[in-house]
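Below: the structure, in structure tokens.
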Amino acid sequence: MFSKKLGITCVIATVSAVFASYFFQYSQDDPADPHNTAPGARLVVGVLSGRRRRQQRDAIRDTWWPQLEAAGARGVFVVGDSDCPLADRCRLDRYSCEPWRPPRNAVGSQQQLRLTPGPVPRPPAVGIAFTVLRGMVARAVTSPLRSGDVTLETADGQPAAAAAVGRSPVTSEAASSDVKTALSPLLVLPAGFMGRLRVVSGPGAMECRQTEVPEPTELRVTALITEDGRHVRPGLEPLCWPVALVYTVHDDPSAADPSPAPSSGPAPSDPLDDPTCRRTDGDAVTRSLSEEAARHGDLLLVPGPDVYRRLPDKLISFLTWAAETSAEWVIKCDDDVLLDIPRILENIPRHTDGGLWWGQFRYNWPADRYGKWAELEYQAAVYPPFACGTASILSADVVRWLARNRAELTRFQGEDVSLGIWLAGHRVRRLSDPGWACGDAERAAYSRGQLGPARLRRVWRCLRRAGRLELCGEEGEERMKDEERGTRMREEESSGRGGLEA
């Protein structure tokens, strides 16, 4: 008896010690601790860029980039150190580097997406969100539902066909038998199509069993949709989906006649072993980046393939690098952004009171479960407050805290929402300011986003002329266009007169 009590006491003491250690570590590392702030250079800017985005980087170098040196600040373009070795068609989606292993079945054979039942009875989901991995024609649905309507839509709820959404009444004479009903019209779905298959009426009180999502072959199920509108990652809840999609795979899904195509034979079991899946331009891009780095000296190459899903890794690598500098403030922004550096430094907060995050914040932002912004890790319905991805600024103590704890930070779907989740439980003061643009906000004072190279240069010329970014909206840009057009015409006329006089 004494031995048993002693064992329980030891377990409690061990757990308490671990908790105390964990609490002590995080309380010591809390970014709100003002003693973590070190004086030094005022500002470091990290521009998250892609390996193939040289034109965007050059546009920034030709416009606001020199302002950094003039202000005693420093900037780097943050780029992945490698390409995804797989061609787009050989990935599960074009935003990641996860390989898609093609099925071995013959092209043109009729197949079904059916979610395998498991042992736990639960009410069914009312829909699935999916991505097409191999071009196909959606032909029919089968279901044990007694009655109901099924729709096939794009990810944003628009009709999947040009004329109307595919809709099919599902009926059954016996509840125990599945009935196959044709979709009208047949829908040609190209590889990369993101859609939803939903029961819009009729499931009633029917129950089915736990869903086990099959290995992605032609379709990848990204979420199950519940009656209350939640998008749940498959496997996280014991939900099920009572409708199967019947489809035919084709080599050319864009063909007008969706007739079966002949078999092309089995594909290699691993895309990495398939020569046709390898990208052929990676070496040329690497050589171009090496030349760019030698010429400008402003590239920060960070580990990992340069794909969208790795933006949180790219951000934390930059913040780890920035934490080693003596900067008091750190800006992260996209590579299609114009920053008014003097205005930012003029209005930068004088007292941080510990950690501070300055940007334009989004609140109660719903978490998407499909498409480019598919969130597969964070399971709440809405995100914590986060500064929109265009640009925002962090005080140095926050940056150092993130760098110290980088190994414990889960990577979520985007760098902006990841930062919001990472800092949600800490005493970081969020200073929301519409002067930081969310997207192409024309009235923003400090930044302007979503600018291609030509437009970025045009807005920059307007800023140099007008002196304030708020005056360089559409009207300001049009004035610049008119003035440049007039200057060009005068130069051409002058050149023509000079030729005649000669």
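Atoms considered below: every heavy atom in the structure, side chains included; atoms not considered: hydrogens, waters and symmetry mates.
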Looking at every heavy atom in both [X] and [Y], which two are closest together, and how far apart are they?
| X | Y | answer |
| --- | --- | --- |
| V44 | A322 | CG1-CB, 4.5 Å |
| L345 | A71 | CD1-CB, 3.5 Å |
| G80 | L301 | O-CD2, 4.2 Å |
| D298 | G75 | CB-O, 4.0 Å |
| A391 | C333 | CB-CB, 3.7 Å |
| L469 | L463 | N-CD1, 3.4 Å |

Between R51 and T286, do the side chains contain a donor N or O and an acceptor N or O under 3.5 Å apart? yes
May I ask you to check whether Y383 and E375 show a side-chain donor-acceptor distance below 3.5 Å? yes
Do R362's NZ or CZ and the ring of W365 fall within the cation-pi criteria of under 6.0 Å and 45°? yes
Can the positive tip of K372 be found less than 6.0 Å from the middle of the six-membered ring of Y308, inside 45° of the ring normal? yes
Ionic contact status for [Y] with [X], cut-off 4.0 Å:
| X | Y | value |
| --- | --- | --- |
| E415 | K314 | no |
| E470 | R343 | yes |
| E98 | R220 | yes |
| E153 | R196 | yes |
| R457 | D58 | no |
| D281 | R52 | yes |

When rounded to the nearest 0.5 angstrom, what is the spacing between [atom1] in [X] and [atom2] in [Y]?
| X | Y | atom1 | atom2 | answer |
| --- | --- | --- | --- | --- |
| L456 | Q56 | CG | CD | 7.0 Å |
| L133 | C90 | CG | SG | 11.5 Å |
| I128 | T222 | CD1 | OG1 | 8.5 Å |
| L419 | L311 | CG | CG | 12.5 Å |
| D83 | L86 | CG | CG | 11.0 Å |
| L300 | S317 | CG | OG | 8.0 Å |

Count the heavy atoms belonging to other residues, nucleotides or ligands that lie under 6.0 Å from [atom1] of [X], then report whether that count exceeds 12.
| X | atom1 | result |
| --- | --- | --- |
| R74 | CZ | no |
| R279 | CZ | yes |
| Q55 | CD | no |
| R94 | CZ | no |

Find out whether [X] and [Y] are in side-chain contact, i.e. whether some heavy atom of one side chain is under 4.5 Å from a heavy atom of the other.
| X | Y | result |
| --- | --- | --- |
| P99 | R91 | no |
| I316 | W422 | yes |
| P349 | L431 | yes |
| W321 | V76 | yes |
| W357 | L423 | yes |
| L289 | D81 | no |

Mind checking what makes side-chain contact (heavy atoms from CB on, under 4.5 Å) contact with D313, not counting sequence neighbours? R310, R411
Residues passing the side-chain contact (heavy atoms from CB on, under 4.5 Å) test with S288, sequence neighbours excluded, are R54
Donor-acceptor check, side chain of [X] to backbone of [Y], threshold 3.5 angstrom: yes or no?
| X | Y | answer |
| --- | --- | --- |
| W64 | V337 | yes |
| Q450 | G439 | no |
| D433 | G435 | yes |
| T63 | W460 | no |
| R448 | C472 | yes |
| S395 | L356 | yes |
| D416 | G389 | yes |

Residue pair W65, F77: steps toward the ring pair (Phe, Tyr, Trp, His ring centres under 6.0 Å) verdict: CA-CA 11 Å; W65 207 237; F77 293 98; 4.4 Å; yes
Evaluation steps, side-chain contact (heavy atoms from CB on, under 4.5 Å), between V79 and V302: CA-CA 6 Å; V79 180; V302 298; over 6 Å; no
Under the side-chain contact (heavy atoms from CB on, under 4.5 Å) criterion, do V45 and L68 qualify, and how do the steps go? CA-CA 8 Å; V45 177; L68 293 173; 3.7 Å; yes
Tell me every residue that passes ring-ring contact (aromatic ring centres under 6.0 Å, His included) with Y446, counting only those two or more places apart in sequence or in another chain. W358, W436
Check step by step if side-chain contact (heavy atoms from CB on, under 4.5 Å) holds for I344 and I331. CA-CA 10 Å; I344 292 170; I331 291 178; 4.2 Å; yes
Going through the distances and angles, do I421 and Y378 end up as a side-chain contact (heavy atoms from CB on, under 4.5 Å)? CA-CA 9 Å; I421 298 168; Y378 185 76; 3.6 Å; yes
Mutual orientation of the aromatic rings belonging to F361 and Y363 [parallel < 30°, tilted 30-60°, perpendicular > 60°]: tilted
Salt bridge (Lys or Arg N to Asp or Glu O under 4.0 Å) between D62 and R57, worked out: CA-CA 9 Å; D62 293 342; R57 293 191 289 273; over 6 Å; no
